[in-house]
Amino acid sequence: MNKQHERTPQGSATKRRTAGRKNFDTAPTIISGKNYLSSYLDDCYHHTCLSLYQNPPIGEIGLEEFEVWAIERLKILNEIDSALKRNKPFQEIELIVLPMLNKSLPLILSKDQDKNTENRRKDYYSHFILKLCFSRSAELREKFVKCETIIFKVRFESMSGVEQRQFVQHMNLPWEYITSAEKAEMSQQLYTSIQPSLRFQLNLTDEISRRDYFEKEEFIKIPFEYVPELISSRSVFLKQGHAFVPKFQQINLLTLEFTGNLQKTLISTSHAFPTLDEEDRLIPILNHLGAANNFLEDDSVFDELMNSEVNSVTVKSTKITRNFPLCASHLMDGLTSAHHLKYLARKQFSLFLKWIGLSVDEALKFWASEFTQTMGMDKFEKEYKYNFRHDYGLEGSKIKYKPWDCRKILSQPRPHAGEYHGCPYRDLSKDSLKAQLKSMGLKDEEVYGVLEINSKGDPTASCTKVLELKTNGLVNEIVTHPNLYYDRMRVYHKKLDDTEGETAAEAES
Ligand code: SF4
């Protein structure tokens with residue numbers, strides 16, 4: 001690690017423990033005028049823009065890079081996870097993920113070798129850092145393998161044919177491209193073996209297009225034990241212990257190799273994790289990364305909202321409530337019908353409202369206007385005012401309380417009858433949820449889609465799908481926080497309002 005970035009305030013004992021400690025024994029050195037790190041990464045990426053991440057990273061990085069790079073990759077993994085949960089096909093996921101990869105973890109090779117090395121370092125390190133984070137439970141390992149495999153496939157598909165071939169050749173697999181003469185010799189058998197796949201997998205419905213495709217297709221010769229699935233589905237030609245696999249199937253073989261390797265190394269990482277002597281340096285960062293889904297780590301997200309126009313009256317207007325996630329709408333419904341909320345619901349809603357821009361004075365007016373419909377002002381002031389002021393850090397310990405994220409909301413006791421806290425995607429019956437979704441303006445087929453996702457038991461996946469539907473597919477971000485949902489809806493509606501305003505102005509002029 002680069003010591004200028006070390007964050008070890010615990011004193012000299014810590015400094016002694018970390019001083020001189022390096023991540024790996026091998027630090028980059030200059031060999032024969034060529035940077036060793038650059039050469040090492042060339043090998044790890046097989047001189048292309050794809051890696052199987054088989055060797056440990058080398059060289060030093062700062063703690064800041066350690067954290068920032070991992071968070072950037074984590075955002076991409078979360079997008080993939082969210083898309084997978086919403087049953088998106090690979091082609092759609094690819095459209096979301098490729099631009100993110102090109103922006104945050106670009107691996108497109110350029111003539112500038114230093115730039116290539118820097119990009120690869122970031123990609124390589126971020127993969128291994130998250131491998132550490134995700135190795136800690138079977139569920140996390142499974143998620144990591146699924147998401148990293150998608151990244152692998154997206155990158156492979158974006159490579160040119162020449163690069164793909166180069167990558168396969170460098171992988172040291174027992175594969176071999178057959179020559180044109182060999183292909184001509186087995187032409188009939190090869191065509192017969194792949195014809196059903198051309199028809200049903202690649203959707204080539206007429207014979208002429210299938211023949212055309214076959215003429216251009218390359219074949220790989222591989223020991224038959226590598227392709228048991230293709231053999232059992234009789235979709236590959238076998239001869240003398242070898243299977244002849246068309247190139248369009250090779251991504252499946254590569255994926256098997258990639259996932260097998262990743263699963264093995266994740267297990268060995270999980271075994272090594274308890275012996276990691278990093279309590280003072282890396283473990284806190286890894287723990288933080290584990291919680292990096294927490295949208296609220298970044299207070300700046302709310303700066304703009306704190307200056308917004310939400311007040312005791314507008315907070316109940318459609319302009320504001322149309323941005324609410326279902327949990328907030330449910331709380332507002334409960335409050336306006338019962339003119340009271342119990343402790344957990346008050347806390348959940350009060351903090352949510354605070355962070356969408358409701359100031360303390362306006363909040364007190366808002367809560368009083370509801371509560372005093374069933375009680376006197378005296379009682380409100382004596383029994384409730386203090387708690388609302390407390391939420392704003394004006395009483396007691398004067399802590400700047402943050403609103404609850406989905407994880408915190410879901411960790412609270414489930415609501416009983418007459419209680420409104422919690423997450424409706426988890427707590428409402430199927431019929432009540434269906435009614436709520438319809439009242440949000442979703443079409444019948446959209447409601448059924450959300451209910452199907454919800455039946456899998458992940459409320460945030462349902463909420464994410466609703467956010468996507470409500471923004472016409474423009475927001476594909478995983479919902480981890482009610483205020484995140486609110487913010488994305490608010491931005492979406494603002495853009496929509498601006499566009500409509502411009503169109504109306506044009507029509508008038
Ligand atoms: S998933 Fe989160 S934001 Fe959505 S309704 Fe549940 S608690 Fe609210």
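In each ligand, atom 1 is the first atom listed, and ligand 1 is the first ligand listed. Position 1 is the first residue of the sequence, and the numbers go up from there.
- Taking the six-membered ring for Trp and thresholds of 30 and 60 degrees, Phe324 and Phe352 have ring planes more than 60 degrees apart, a perpendicular arrangement.
- Using the six-membered ring where Trp is involved, Phe258 and Phe152 have ring planes that are parallel, under 30° apart on the 30 and 60° scheme.
- For atom 8 (Fe) of ligand 1, protein N, O or S atoms closer than 2.8 Å were enumerated as Cys327 SG, with waters left out.
- Cation-pi contact between Lys131 and Phe128: present, with separation from the ring centre below 6.0 Å and deviation from the ring axis of at most 45°.
- Checking Thr460 against Asp458 by side-chain atom types alone, a donor-acceptor pair falls below 3.5 Å.
- Classification of the Trp367-Phe388 ring pair by plane angle, with boundaries at 30° and 60°, yields parallel.
- Within 6.0 Å of atom NZ in Lys456, more than 12 heavy atoms from other residues, nucleotides or ligands are found, so the atom counts as buried in its surroundings.
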